[in-house]
Amino acid sequence: MTLRWLAIQVWRYRVTGLMVILSVTFLLVIVGTHLLQHSSSFNFHQGRIKIPMKASDPKQRHNILTHDHTKESNTLKDRTDSTLHKIKRRNPPVVFLKTHKTGSSTVQNLLFRVGEKEGATFAFPAHTYQFSYPHKFKVDFVDELPEGSSHFDILCSHMRLDVGQLKQMMPPDTVYVTILREPVQMFESVFSYYTFAVPAFTSAKKAAGHRSALSVFLESPESFWDPNERGNGLGKNPMSFDLGLDNQQWNWSRPANLTLLEETFQLVMIAEHFDESLVLLGDLLKLDLEELASVSHNTRSAYSLSPLDNITKARIRDWNQLDVWLYDFFLRVFWQRAERYGLGRLNRDVALLRASTERIRQKCVARKQVPPAELDDLIRPWQTDSVTITGYHIQKNLTKQEQGFCMRLVLPELQYHAHLYFQQYGRAVGPLPTVTHK
Ligand SMILES: Nc1ncnc2c1ncn2[C@@H]1O[C@H](COP(=O)(O)OS(=O)(=O)O)[C@@H](OP(=O)(O)O)[C@H]1O
């Protein structure tokens, strides 16, 4: 009887019932979509970080990020309260000397991700994104230790190395790592990227007219390069300069500070053996395969690349003899280290890393080599007037958690730095001071 009555009621109100179910479903879809859009675990508030398309003095200018931090206090509180900051770091402290045009932004991105996940305290420059480059590093270039931290865990921004100063501020068990790249490729990349930032390169560009500025520079580099002119540090032996060596004069003898560098750096990564380098890095820092995944950062678009003829290559090597010597030296050290790890074991781990990274790239990356005009401010890498730097689009069909991971994977250096800096200090990255360091 009751069942029959129920069946009659259902039949009588079938249209109204259907309408109610449809309305509730529609409402749930609307609310769900809204939540996904506005509560991403990686809440960068797109549109509030503004990166201009072009500038001539990369990473040093203070006005490149205008960050409206007043609107962000709640987000910061949420982040500070989150479990992210309560996880105990399991990795040793690390200094990564970020050398120029060596693939260093790719390594830095990986360290940013690991550090953020583990609530690490970053040693950031007090002003802008570099430690008062090209001055040699000093402890007072570093921003204050944030409240509640007893020491810095990770330092990975550009600097000109001074080992003694670094050791004054980092814990004794700090792991020191850097990266070198084959000097011809590296110098060509430095020249192209910094054509309008290194005065010697700019003079060559002006003199070149329609000819290749690099070729004109290499025909008589001494006529363009004044070692005493500020900003010319990267104009000759740039890797040696970043490592704090005298990049001007060299008489083929072992550089005075080489022993100190050998003793300080547990690992000098080699860009041409990037995956092998990552495996050794992972071993030192106790990282797992997923943490070692990366995409290449700061890559130039195809039309910003020009093939080098043999004369140009020989001239680059001639002009950058100390870098050539240094690279060959640390390449030998690298393979000695690889042998200690075990070459068979290294090959096996590289294969595992490549397979794991490939899976992650497929999951995250919808499109690579995306030109800057097609990238949102949030994910557009810094551009210079002389080259075009490409970026990535991430996949659309990702869960909230995957979206956070994938965004971080492709996030350019300046944006990630600005985010972590704000997270650590609750304020935007500081501008250049009016009085420069001596
Ligand atoms: N994984 C990996 N392996 C090898 N090479 C890589 C990798 N990731 C980035 N790159 C290349 O490194 C160049 C950018 O270097 P940096 O990130 O150090 O540049 S910067 O000084 O921070 O601006 C830039 O080189 P060029 O394209 O020749 O300019 C990148 O393409």
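When a ligand or atom number is given, it counts from 1 through the structure's own listing order.
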*Electrostatic pair Glu262:Arg332 at N-O distance under 4.0 angstrom*: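 No.
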
Ligand-residue contact atoms, ligand 1 with [X], heavy atoms, under 4.0 Å:
{"X": "Ser189", "value": "25 (O), 26 (P), 28 (O), 29 (O)"}
{"X": "Asn298", "value": "14 (C), 17 (O), 19 (O), 20 (S), 22 (O), 23 (O), 24 (C), 30 (C)"}
{"X": "Thr106", "value": "7 (C), 8 (N), 9 (C)"}
{"X": "Thr99", "value": "18 (O)"}

With backbone taken as N, CA, C and O and side chain as the heavy atoms from C-beta onward, which portion of [X] lies under 4.0 Å from ligand 1: side chain, backbone, both, or neither?
{"X": "Lys98", "result": "side chain"}
{"X": "Gln108", "result": "neither"}
{"X": "His297", "result": "backbone"}

*Which one of Tyr193, Phe191, Tyr133 satisfies the ring-ring contact (aromatic ring centres under 6.0 Å, His included) criterion with His100?*
Tyr133

*asked:* Phe122 and ring-ring contact (aromatic ring centres under 6.0 Å, His included): which single residue from Tyr129, Phe112, Tyr421, Phe152 fits?
replied: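 Answer after filtering Tyr129, Phe112, Tyr421, Phe152: Phe112.
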
*With distance as the sole criterion, is a donor-acceptor pair present between the side chains of Thr259 and Glu263 under 3.5 Å?*
no

*Donor on one side chain, acceptor on other, Thr312 and Asp309, under 3.5 Å*: yes

Please check whether [X] reaches ligand 1 - meaning an N/O of the residue sits under 3.5 Å from an N/O of the ligand, judged on distance alone.
{"X": "Lys101", "result": "yes"}
{"X": "Arg181", "result": "yes"}
{"X": "Thr299", "result": "no"}
{"X": "Glu188", "result": "no"}
{"X": "Gly103", "result": "yes"}

*Full working for side chain to side chain contact (heavy atoms under 4.5 Å, CB included) between Leu411 and Leu378*: CA-CA 8 Å; Leu411 199 62; Leu378 179 67; 4.2 Å; yes

*Begin with the C-alpha distance, continue with both residues' side-chain angles, and end with the deciding distance and a verdict on side chain to side chain contact (heavy atoms under 4.5 Å, CB included) for Phe334 and Val268.*
CA-CA 7 Å; Phe334 177 82; Val268 176; over 6 Å; no

